[in-house]
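To keep things clear, I will list the structure first and then write my remarks on it.
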2 protein chains.
Amino acid sequence: MWYMPARSAASPSSPRDLILGRAIEHLAAHGLGDTSLRQLAGALGTSHRMLVYHFGSKEGFLVAVVRAVEARQRAALAEIVATAGSASPAEIMRRFWDRLADPALWPHERLFFELYSQALQGRPHALPLLEGIIDSWIEPAVEFARRHGLPERPARAQARLGLAVMRGLLLDLLATGDRRAVDQALELHVATLVGQDTADPAPLSPLSRGTRRSGK
Amino acid sequence: MWYMPARSAASPSSPRDLILGRAIEHLAAHGLGDTSLRQLAGALGTSHRMLVYHFGSKEGFLVAVVRAVEARQRAALAEIVATAGSASPAEIMRRFWDRLADPALWPHERLFFELYSQALQGRPHALPLLEGIIDSWIEPAVEFARRHGLPERPARAQARLGLAVMRGLLLDLLATGDRRAVDQALELHVATLVGQDTADPAPLSPLSRGTRRSGK
DNA sequence: CACCCAATGTACCATGTGGTACATGCCGGC
DNA sequence: GCCGGCATGTACCACATGGTACATTGGGTG
């Protein structure tokens with residue numbers, strides 16, 4: 001007979017979690033195309049037997065990966081918001097974008113979109129990803145915007161639009177690699193923000209922090 | 001030995017094209033998950049033998065599907081632009097969005113994002129989709145914006161941003177189904193447009209065409 | 001009619017798949 | 001020092017896959 005470990009509180013560095021970590025890294029780098037359990041296991045330095053052992057099945061394994069990716073996304077968001085300090089929304093968005101646009105993150109973002117689209121298609125293993133895929137980003141943004149004086153409704157719309165801009169431009173960037181062009185588009189949106197952010201104490205300060213990629 | 005038809009100018013309703021059409025419909029409805037040739041063939045009312053016969057291989061088949069989807073996208077865009085008439089950019093964007101957001105198109109859009117993300121991951125059959133996936137939309141938009149008085153550079157950025165907003169909000173809509181909330185975000189962006197569109201002959205006309213989903 | 005050739009059907013193959021059964025290594029606690 | 005149980009390795013299975021070979025149909029043209 002076989003045994004699937006009780007999935008208890010999960011000691012932080014159990015073999016299971018080690019595998020998970022490596023899995024995310026590998027999937028980010030190579031995507032989760034049709035890869036079979038065996039290929040994956042091989043690339044992860046384990047055996048397909050182990051994946052089934054720790055996660056119950058291939059599906060179960062992918063569910064775990066999705067959850068972990070989701071968790072990382074949220075963590076990144078939290079850090080961004082925490083780092084915010086007293087910067088203006090516009091400046092926050094620029095910084096956020098600067099981080100997201102870093103080529104080092106591209107693989108993770110590709111994986112994110114891949115899982116996203118699979119979830120949209122109703123693939124069961126990716127569905128958990130959808131829960132909060134919008135709201136978990138909007139809520140903090142709304143709170144932040146309100147702190148800067150926007151009333152509830154516009155704040156929500158603004159947050160939603162900002163998220164869409166980020167993701168839309170990310171799709172663009174991943175496809176074209178044209179950082180300069182995408183940056184210009186973002187700047188256009190950010191300018192909008194400045195115009196609306198009536199509560200910003202210093203809306204006209206030279207917040208450009210160096211003409212955004214002017215030279216290179 | 002076997003034979004793959006010479007892929008000539010393709011009489012418009014050859015069995016090959018019939019299959020292609022049904023394939024798009026079916027993929028839009030069910031996504032192209034792991035589906036095998038046989039499953040697909042079954043769902044399309046043909047045999048896996050035929051798919052290989054007409055398209056050379058599974059990959060070849062998917063390439064053909066991708067190309068066809070691409071073509072449909074462009075056709076839709078062309079029609080939109082043609083229909084434009086003399087409406088303001090803001091109004092155009094609203095109309096465009098109204099069409100895109102129609103639930104009847106959701107399946108196609110899901111398929112689009114699925115193929116998009118697969119292409120981003122470097123899956124060979126989807127790669128052809130990337131070519132022009134940004135530019136083929138931006139070029140007409142730029143031309144349009146210029147006709148409304150914007151100089152080249154802002155026009156490009158504006159077009160790029162607009163595309164990102166559309167796709168980002170579409171991702172949102174497909175995940176949440178919250179048309180009302182997404183509409184509000186779009187309206188926020190469109191308002192921006194009006195502000196910049198200095199060349200619009202009637203920027204203050206009640207272009208709201210009925211308070212956008214005010215009631216329901 | 002005879003011929004051709006695109007279109008389709010039937011049967012098959014080697015390979016890889018997800019999953020399972022069973023044996024074993026290896027650790028800490030009694 | 002032995003024993004329980006997590007972790008892992010080996011071997012296997014039934015099955016589905018993509019692709020191929022070969023035969024057959026059927027409509028149009030000489």
Side-chain angles (χ1 to χ4, degrees), chain A residues 1-23 26-27 30-66 68 115 118 123-127, chain B residues 1-23 26-27 30-66 68 115 118 123-127:
Chain A
M1 200 40 187
W2 60 277
Y3 179 74
M4 181 179 161
R7 184 79 183 90
S8 64
S11 49
S13 253
S14 63
R16 181 194 141 104
D17 295 315
L18 280 180
I19 291 181
L20 245 188
R22 266 177 284 164
H26 177 263
L27 287 184
H30 303 82
L32 105 152
D34 290 332
T35 31
S36 72
L37 263 190
R38 288 168 154 85
Q39 293 173 251
L40 263 181
L44 270 55
T46 180
S47 71
H48 87 285
R49 175 66 182 75
M50 281 303 95
L51 295 189
V52 173
Y53 172 69
H54 285 294
F55 304 94
S57 70
K58 186 185 188 181
E59 284 267 299
F61 173 59
L62 292 183
V63 171
V65 170
V66 170
L115 292 173
Q118 295 207 2
R123 295 251 236 150
H125 63 258
L127 278 178
Chain B
M1 200 40 187
W2 61 275
Y3 179 75
M4 182 179 160
R7 184 79 185 89
S8 63
S11 50
S13 253
S14 62
R16 181 193 142 104
D17 295 315
L18 280 180
I19 292 181
L20 246 187
R22 264 176 285 164
H26 177 262
L27 287 184
H30 302 83
L32 106 153
D34 290 331
T35 31
S36 72
L37 264 190
R38 287 169 155 84
Q39 292 173 251
L40 264 180
L44 269 57
T46 180
S47 71
H48 86 286
R49 175 65 182 78
M50 281 304 95
L51 295 189
V52 173
Y53 172 70
H54 285 296
F55 304 94
S57 70
K58 187 185 187 181
E59 284 266 301
F61 173 60
L62 292 183
V63 171
V65 171
V66 170
L115 292 173
Q118 295 206 2
R123 297 251 236 148
H125 64 257
L127 278 178

> Is a side-chain N or O of A:Arg22 found less than 3.5 angstrom from the main chain of A:Leu44, in a donor-acceptor match?
Replying inline: yes
> So what does A:Glu59 hit on the nucleic acid, given a heavy-atom distance under 4.0 Å: a base, only sugar-phosphate, or nothing?
Replying inline: nothing
>> On the side chain of A:Arg49, is there an atom forming a donor-acceptor pair with the base of C:dG18 - under 3.5 Å, no angle test?
In response: no
> Does A:Gln39 place a side-chain N or O at less than 4.0 Å from the phosphate oxygens OP1/OP2 of C:dT17?
Replying inline: yes
>> B:Val65 vs B:Phe55, test: side chain to side chain contact (heavy atoms under 4.5 Å, CB included). Steps then yes/no.
In response: CA-CA 10 Å; B:Val65 171; B:Phe55 304 94; over 6 Å; no
> Between C:dT8 atom P and B:Ile19 atom CD1, what is the distance in whole Å?
Replying inline: 6 Å
> C:dG19 C1' sits how many Å from A:Phe61 CZ, rounded?
Replying inline: 16 Å
> In Å, rounded to the nearest 0.5 Å, how long is the span from NE2 of B:His26 to CD1 of B:Ile19?
Replying inline: 13.5 Å
> Within the structure, does a side-chain N or O atom of B:Ser36 lie under 4.0 Å from either OP1 or OP2 of D:dA16?
Replying inline: no
> In whole angstroms, how far is the C1' atom of C:dT8 from the CG atom of B:Leu18?
Replying inline: 15 Å
>> Please pick, from D:dT20, C:dG19, D:dT8, the nucleotide with the shortest atom-to-atom distance to any side-chain atom of A:Met50.
In response: D:dT8
> When the distance from CG of A:Leu37 to P of C:dG18 is rounded to whole Å, what number comes out?
Replying inline: 5 Å
> Given atom NE2 of B:His54 and atom P of D:dG18, what is their separation to the nearest angstrom?
Replying inline: 17 Å
>> If I take atom CZ in residue B:Phe55 and atom C1' in nucleotide D:dG18, what distance separates them, rounded to the nearest angstrom?
In response: 16 Å
> What is the minimum heavy-atom distance between B:Ala64 and B:Arg16, and which atoms define it?
Replying inline: CB-NH2, 4.1 Å
> If you take all heavy atoms of A:Val66 and A:His125, which pair is closest and at what distance?
Replying inline: CG2-O, 3.6 Å
> D:dT17 P sits how many Å from A:Arg38 CZ, rounded?
Replying inline: 16 Å
> CG of B:Leu51 versus C1' of D:dT20: gap in Å, rounded?
Replying inline: 15 Å
> Is a donor-acceptor contact shorter than 3.5 angstrom present between the side chain of A:His48 and the base of C:dG18?
Replying inline: no
